[in-house]
Amino acid sequence: MQDYLEGLNDAQRSAVVETDGPSLVIAGAGSGKTRVLTFRIAHLLQQGVKPYRVLALTFTNKAAREMKERIGSVVGQGIAGSLWMGTFHSIFARILRFESKHLGYPSSFTIYDTQDSKNLIKSIVKRMKLNEKAYKPGSVLSRISAAKNDLVTPVVYARDVNRTAHDKASQMPMIYEIYAQYMKECYKSGAMDFDDLLLNTNILFRDFPDVLKKYQDQFDYVMVDEYQDTNYSQYLIIKKLAEKHQNICVVGDDAQSIYSFRGAKIENILNFRNDYPGYKLFKLEQNYRSSQNIVNAANSIIAKNKGQIQKNVFSANDEGSRVRVLKAYSDVEEGFLITNDIFERRMKEHCEYKDFAILYRTNAQSRVFEEALRKKNLPYKIYGGLSFYQRKEIKDLLAYFRLTINPADQEALKRVINYPARGIGKTTMDKLTAAADNSDQSLWNVLINPNIAQLGINAGTQKKLASFVALIAQFKAQLENLSAYELAAEIASASGIMKDLHNDKSIEGQGRIDNIDELLNGIKEFTETRQEEGEPAQLVNFLEDVALLTDQDNEKGDDINKVTLMTIHSAKGLEFKNVYIVGVEEGLFPATQSTDSEKNLEEERRLFYVAVTRAETNATISFARSRYKYGELTYSRPSRFIGDIDQAFLDINPEDFVGNERPQPSFRKPMGAQSSPTLKPRIRMNYRSSGAGAEKPKLKFQSSNTNGLQAGMKVEHERFGVGEVISIEGVDPNVKATVRFVNAGQKQLLLKFAKLKILN
DNA sequence: CCTACATACACGGGA
DNA sequence: TGTATGTAGG
C-alpha cells in the first residue's frame, strides 16, 4: 500500500511523510521535486485527508494536470479530481467567480489578456490627450502590473513617491491617473486582467473576513510549487490561507528564480524561515536527471551568483560528455549546425525527435531554426510566439463569445462591432465612446439605450447598430439552452465570420478557416467530455477555461515525437536528452537590458543555469558571430556566460576563440581572493589581452580580392561560413561562383557582391 | 466608410 | 523580419 515510498531517497521520503506544520523543500534541479509533491499529496489522501481540503498551486496548467494524473494513479482519479489543484490564476479565478458579488463583479466576468489591456490603456491615453509617443501601452501596463503585484492601488500609487518619481523620470508622470481610469474601465466592463485575479483575491480576503475564514477552514493543507517565482500578491494570499492550520509546504529552488520581470520576489523563499520560525527544511540535492558533467558545469555557473541558499547539487549518474560549445558565422549557419547535429545524433545514437530541444532566449530566434528544420525535413513543434489563441480569427470569434456572455466587455465589443464589416466606422464609434464616457456607462448600455437617437448618428447607421445589438441578444438568448459547441458553431456562422473567411481564397484565408474549425473541434471535444462527466458544458464554462490556457496546454497527439523549440523560460521544469542552447551571445543572452545591474545579471545567469540543467546527457551551447536583428545585420561576440562555466566541463574548440571573440568573464577575480577550485582560469588558449570591458568589438569581416578565384579553392563567407569553390562562370563584371558550404549547402554567388575570403 | 499602400516601430521573458 | 498605424483615393 505504501510502495510509493520505496523508490525515494531519505530526503525525499521525509519531505513526503512529514506533512504537518510549515515545510520548506529546497529542490535542486532534477532532484525529483514533482515526485515529492505528488507523493506528498497522495500520502495525505491515503491518510484520510479529504481531497477538497488540499490546495495545491502550480505555475502551469500542464504541471497541475500531470500531477493530478499521477496522484490519481495512486489514490484513484475520482479522488484526485476533487483536489483544489491548479495555477494561481485558475484557482483564484474560480474563487472570485464564486464570490464575485462581494466585489460587485458579475460571476461571468471577462478575463482581459495582455492585448486587451494594452488596447484599453491606449484609448485612455488618447482620451486624456497625453502624448502617445511617451506613453507606450506596454510600458504603462507593466508599471500598473508591478503596482498590482505589490498590492498598490491607484490611490496609494499617487502618493508613492518612489513610483511617481520613477514615472516622471521616464516621461510618464500621469501613470497614476491612467491606472485609476484603467481600473474604472475594467470594472465598468466587468473585466479583470491577470494581475486583478490576484489583487482582487487579496481585496476579497481583506474586506470580507468571513469569506477568508471559509477558505482558511476549508484548506487543511496548502502546497505551493515554484515558490521562488511567487510575487507579493501571491505570497500574501498563501500566507492568509495557511494562517489557521499552518500546514503549508512550499517547494522551490532559489537558483531557478527567473520571473522577477513579472514581479516574482526571490525573497519569498529566502524569508520563509522568518515567516514560519518552526519550519522544517528538506533539501533535495541529488540530481537524477543529468550526467555529472552537466550538473558540474551548471554548478560552476550558479556559483558566480551571491546570496543563495546553501546546497550541494550532485549527480551519481555517468560522468557523461562535456558541454559542447559551437561557433557559427551567422544565425542561419547556427540553424544549419544545430539541425545537422540533431540529424546525425539521432542516427548515431538512435534517439527520437522528442529527445531534442532547441532553447533560446527570445522567441524571435525561433525562425531560422524552423527554416533549417523544415529544409532537413525534421518534425518540430514550436511553443510560444503567436499562440493559437492569439491568432486574429480566433480572437475575433472568442470576442463574440465574450460579448455574448458579458456584453459590458468593451474590448470585445470594439473588436467585433465592425467585424465582419457592417458599416459601423470610426465616426460612429467616437460618438458612442463619448456618450459612454459622459454617462459613465458601458458601450453596450449606450447601444441599448433608447436615447441613442440623440447622439447625432444617422438613421442608416442606427439601423446597423440595432441589428448588431439584436445579433448579440439573439446569441445571448441561447446561452442557457445550447451547449458550448452548438452555440459556438451558431455564432461562427451567424456572426458572418465564416462567410467573410470563405471570401478570402488565399492560402492564408484557408488557414484561417482551418483554425476556426480547429477551435470548434476543440469546443466540441470540451463539450462532449464535460457532458460525459456530468459537468456543465455551456459556452460560459468553456470561456472560463480558455482565458487562462497557454499553448502548452493543448498539445495534440501528433505533437509528441518532435523536436521541441521553446524559450528557456518555458522550458523550466522540462527535461530532454539533448539540449541545444542557442544564441549565447553578449546582448542577447544576457540581454542588453539585463547587463545594467548585478541583480538583473544574476537572474539572467540563473536562466542560463535553468537552460543547462534541462539536459540529461548532452548539452550544446552555440553562438553566432552575426545575426539579423530588426532585419539588420549585427555582430556579436560569445556570451560572458560561456566563460562562467568551469573549463573542466567544457568541450570547446580553441580556434573559435581568438582575440576579442574570447568570451569575457562575468567577474574579475576579487582582489585578494584565493582562486577556488571551481573558478579556474577560463579559456586559456590563444589568449590575447583585448582590454576587458572595452566597447563593442568591431568584428568586421575581411574579404579578399577574388580576381584569381578558381575552382577547388577554399573560401570563407561572412554568413555562410567555410566552403569550397565548385566552379566559376560568366564574364566580368558578372562572374558567378558556385560554392559548396560545409554547413549552408551550395550557393551561387555573384563575385562583385559576395564578400569572400580566400583561405588557401 | 473601405481598401491599398507607405511608413514607423519592435524584440525580453508569460499567466 | 513582421505587425501596427496613418493616409490617399475610391
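In what follows, chains carry the letters A, B, and so on, assigned in the order in which the sequence lines appear, proteins first and then strands, with residues in each chain numbered from 1.
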Of all the nucleotides listed (B/dC11, B/dG12, B/dG14), which has the minimum atom distance to the side chain of A/Arg361? B/dG12
Does A/Lys118 make a side-chain N or O approach to OP1 or OP2 of C/dA4 shorter than 4.0 Å? no
Candidates B/dG13, B/dG12, B/dC11 - which lies nearest the side chain of A/Ala591: B/dG12
Salt bridge present between A/Arg627 and A/Glu632 (N-O < 4.0 angstrom): no
Do the charged groups of A/Asp116 and A/Lys395 touch, with an N to O distance under 4.0 Å? no
Applying a 4.0 Å non-hydrogen cut-off, can you work out what A/Glu604 is touching in the nucleic acid: base, sugar-phosphate, or nothing? base
In this structure, how many angstroms lie between the P atom of B/dG14 and the CG atom of A/Asp193, rounded? 18 Å
Which nucleotide in the set B/dA15, C/dT1, B/dG12 lies at the smallest distance from any side-chain heavy atom of A/Arg367? C/dT1
Taking only side-chain nitrogens and oxygens of A/Thr592, does any of them come within less than 4.0 Å of OP1 or OP2 of B/dG12? no
Provide, to the nearest angstrom, the distance between the NZ atom belonging to A/Lys464 and the C1' atom belonging to B/dC2. 11 Å
What is the distance, to the nearest angstrom, from the CD atom on A/Glu632 to the P atom on C/dG2? 16 Å
If I take atom NZ in residue A/Lys136 and atom P in nucleotide B/dG12, what distance separates them, rounded to the nearest angstrom? 12 Å
Look at the side-chain N and O atoms of A/Asn363 and state whether any lies under 4.0 Å from the OP1 or OP2 oxygen of B/dG14. yes
Which of the following nucleotides, B/dA15, B/dG12, B/dC1, is nearest to the side chain of A/Gln593? B/dG12
Name the orientation class of the two ring planes belonging to A/Tyr259 and A/Phe59 (parallel below 30°, tilted from 30 to 60°, perpendicular beyond 60°). parallel
Answer yes or no on whether A/Arg143 is positioned over the face of A/Tyr179, meaning its NZ or CZ is under 6.0 Å from the six-membered ring centre and within 45° of the axis. no
In whole angstrom, what separates A/Leu574's CG from B/dG14's P? 13 Å
Taken to the nearest whole Å, CZ/A/Arg94 to C1'/B/dA15 is 18 Å
How far does the P atom of B/dG13 sit from the matching atom of C/dA4, given to the nearest Å? 16 Å
With a 4.0 Å limit, can you tell me whether A/Ser594 has a side-chain N or O closer than that to the phosphate oxygens OP1/OP2 of B/dG12? no
A/Lys133 vs A/Phe261, nearer the 5' end of DNA chain B by closest nucleotide: A/Lys133
Check: A/Glu603 side chain, B/dG12 base, donor-acceptor under 3.5 Å: no
Expressed in angstrom and rounded to an integer, what is the separation of A/Gln365 atom CD from C/dT1 atom C1'? 14 Å
Nearest-Å distance for atom pair CG/P, residues A/Asp596 and B/dG12: 12 Å
Taking the side chain of A/Thr362 as its heavy atoms from C-beta onward, which of B/dG13, B/dC2, B/dA15 lies nearest to it? B/dG13
Let's go through A/Glu334 and A/Ser622 carefully: what are the C-alpha distance in whole Å and the side-chain angles of both, what is the deciding distance for side-chain hydrogen bond (donor to acceptor under 3.5 Å, both in side chains) to 0.1 Å, and is it a yes or a no? CA-CA 7 Å; A/Glu334 187 183 37; A/Ser622 69; 2.6 Å; yes
Nearest nucleotide by nearest heavy atom, which residue falls closer to the 5' end of DNA chain B, A/Gly425 or A/Tyr259? A/Gly425
Nearest to side-chain heavy atoms of A/Tyr630, which nucleotide of B/dA15, B/dG13, B/dG12: B/dG12
From the options C/dT1, B/dG13, B/dA10, select the nucleotide whose nearest atom is closest to the side chain of A/His569. B/dG13
I want to check one thing: is the phosphate of B/dG13, taken as OP1 and OP2, less than 4.0 Å away from some side-chain N or O of A/Ser570? no
Using a cut-off of less than 4.0 Å, is there contact between a side-chain N or O of A/Asn418 and OP1 or OP2 of B/dC2? yes
What about the rings of A/His569 and A/Tyr360, do their centers lie closer together than 6.0 Å? no
